[in-house]
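Below is one structure, written out as structure tokens, with a few remarks after it.
Naming convention: chains lettered A, B, ... in sequence-line order (proteins, then strands); numbering from 1 in each chain.
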Number of protein chains: 2
Amino acid sequence: MDLVHIYQCFCDRTRLRILNLLSQSPLCVCHFQAILGESQVKISKHLAYLRDRGMVKVERDQNWMVYSLLGKPAPELESNLKCLQDCIQSDPLFARDLGKLASIRKSCCEPRTAFHESDRDRRRYGKAKRPFHLRS
Amino acid sequence: MDLVHIYQCFCDRTRLRILNLLSQSPLCVCHFQAILGESQVKISKHLAYLRDRGMVKVERDQNWMVYSLLGKPAPELESNLKCLQDCIQSDPLFARDLGKLASIRKSCCEPRTAFHESDRDRRRYGKAKRPFHLRS
DNA sequence: TGACTATATTCCTAAATAGGAATATAGATT
DNA sequence: AATCTATATTCCTATTTAGGAATATAGTCA
């Protein structure tokens, strides 16, 4: 992956917050909205930016678009993401985002592909209704 | 140092090449011109960009403006510069730049503050004329 | 002081980026 | 088919970024 593309993706604080959250688990747009407190349009555009440069992938799950980091990123992307993680460890903004993520993880029911690391988890869950999803 | 500022500096290939060269030693504009094969104006503007965001410092030495990386960079800058070095190790463009640097190092005489790592080396040299400088 | 060297800055044009408002698209439900 | 939910895209405005041409600024030298 082109280094310049990597840094183009990194040079915006909203995108850094998105990447921080995705480092924990796949998520969809409404999760980002809830955690980052930004508009759906803004989130959507930044995700498109990251997707266009090959930094994230998206899979549709019914109505939801579930974004995630690449399973096997290029070495330079992997090392830069690690470096980024080290740098933001002590930044309260990013820490607060992770706290919010932990919160909504407990209460959110759909989509299945969000919050989980692998497709194995996905198959483990049925279609059973649970608490509530963020938006409805 | 603000992370976004770091990545703003990194998201241009010319600036990455400049940073790569500065990781070796302080240099002035004409050195960059010779190695990168870009115009004086372009080099000068990118250096101003890096300087404005606190990534490099400049010291005037007679007619020459000698640029260098900060002696004690912020931790996040330091780790990102290290990460960058790891990433560009195998990139032929950056390797070629370093080869050219080694070449002109042997033949260039001024300014004293370029090419050397510390002020100690600077005091070691006198004002004695030597071969030739790049531009004259 | 004028000429020269080295480099920064201004002016201009063009492209990229960012975000809000509005709207289009796609899947699910009734 | 209509309605709803979730999200992408278009239109618009504004700012940032990039680079060439021209020019301004500053130190050195004769």
Would a 4.5 Å heavy-atom cut-off, applied to side chains only, mark [X] and [Y] as touching?
{"X": "A/Val56", "Y": "A/Leu70", "result": "no"}
{"X": "B/Arg15", "Y": "B/Phe10", "result": "no"}
{"X": "B/Val58", "Y": "B/Leu47", "result": "no"}

Give the rounded distance in Å between these two atoms: [atom1] of [X] and [atom2] of [N].
{"X": "B/Gln33", "N": "C/dT7", "atom1": "CD", "atom2": "C1'", "result": "9 Å"}
{"X": "B/Met65", "N": "D/dT28", "atom1": "CE", "atom2": "P", "result": "12 Å"}
{"X": "B/Lys42", "N": "C/dT9", "atom1": "NZ", "atom2": "C1'", "result": "18 Å"}
{"X": "B/Phe32", "N": "C/dA8", "atom1": "CZ", "atom2": "C1'", "result": "15 Å"}
{"X": "B/Tyr49", "N": "C/dT9", "atom1": "OH", "atom2": "C1'", "result": "18 Å"}
{"X": "A/Leu50", "N": "C/dA18", "atom1": "CG", "atom2": "C1'", "result": "14 Å"}
{"X": "B/Phe10", "N": "D/dT17", "atom1": "CZ", "atom2": "P", "result": "16 Å"}
{"X": "A/Asp61", "N": "C/dA28", "atom1": "CG", "atom2": "C1'", "result": "12 Å"}

Across the strands shown, which category fits A/Arg51 at heavy-atom distances under 4.0 angstrom: base, sugar-phosphate, nothing? sugar-phosphate
Using a heavy-atom cut-off of under 4.0 Å over every strand shown, decide if A/Gln8 touches base, sugar-phosphate, or nothing. sugar-phosphate
Heavy-atom nearest nucleotide on DNA chain D taken for A/Val29 and for A/Lys45; more 5' hit belongs to A/Val29
Would you find a donor on one side and an acceptor on the other, under 3.5 Å apart, between the side chain of B/His31 and the backbone of B/Cys28? yes
Of the listed nucleotides ([options]), which one gets closest to any side-chain atom of [X]?
{"X": "B/Trp64", "options": "C/dA8, C/dT17, C/dA6", "value": "C/dA6"}
{"X": "A/Val41", "options": "D/dG20, C/dA18, D/dA8", "value": "D/dA8"}
{"X": "B/Arg60", "options": "C/dA22, D/dA26, C/dA6", "value": "D/dA26"}

For the residue pair A/Met55 and A/Ile6, what are the closest heavy atoms and their distance? CE-CA, 3.8 Å
By nearest heavy atom, map A/Asn63 and A/Arg15 onto DNA chain C; which one lands nearer the 5' end? A/Arg15
Below 4.0 angstrom from OP1 or OP2 of [N], is there any side-chain N or O of [X]?
{"X": "B/His46", "N": "D/dT17", "result": "no"}
{"X": "A/Ser44", "N": "D/dT7", "result": "no"}
{"X": "B/Arg53", "N": "D/dT16", "result": "no"}

Is it the case that D/dA8 (base atoms only) and A/Gln40 (side chain only) share a donor and an acceptor within less than 3.5 Å, ignoring hydrogens and angles? yes
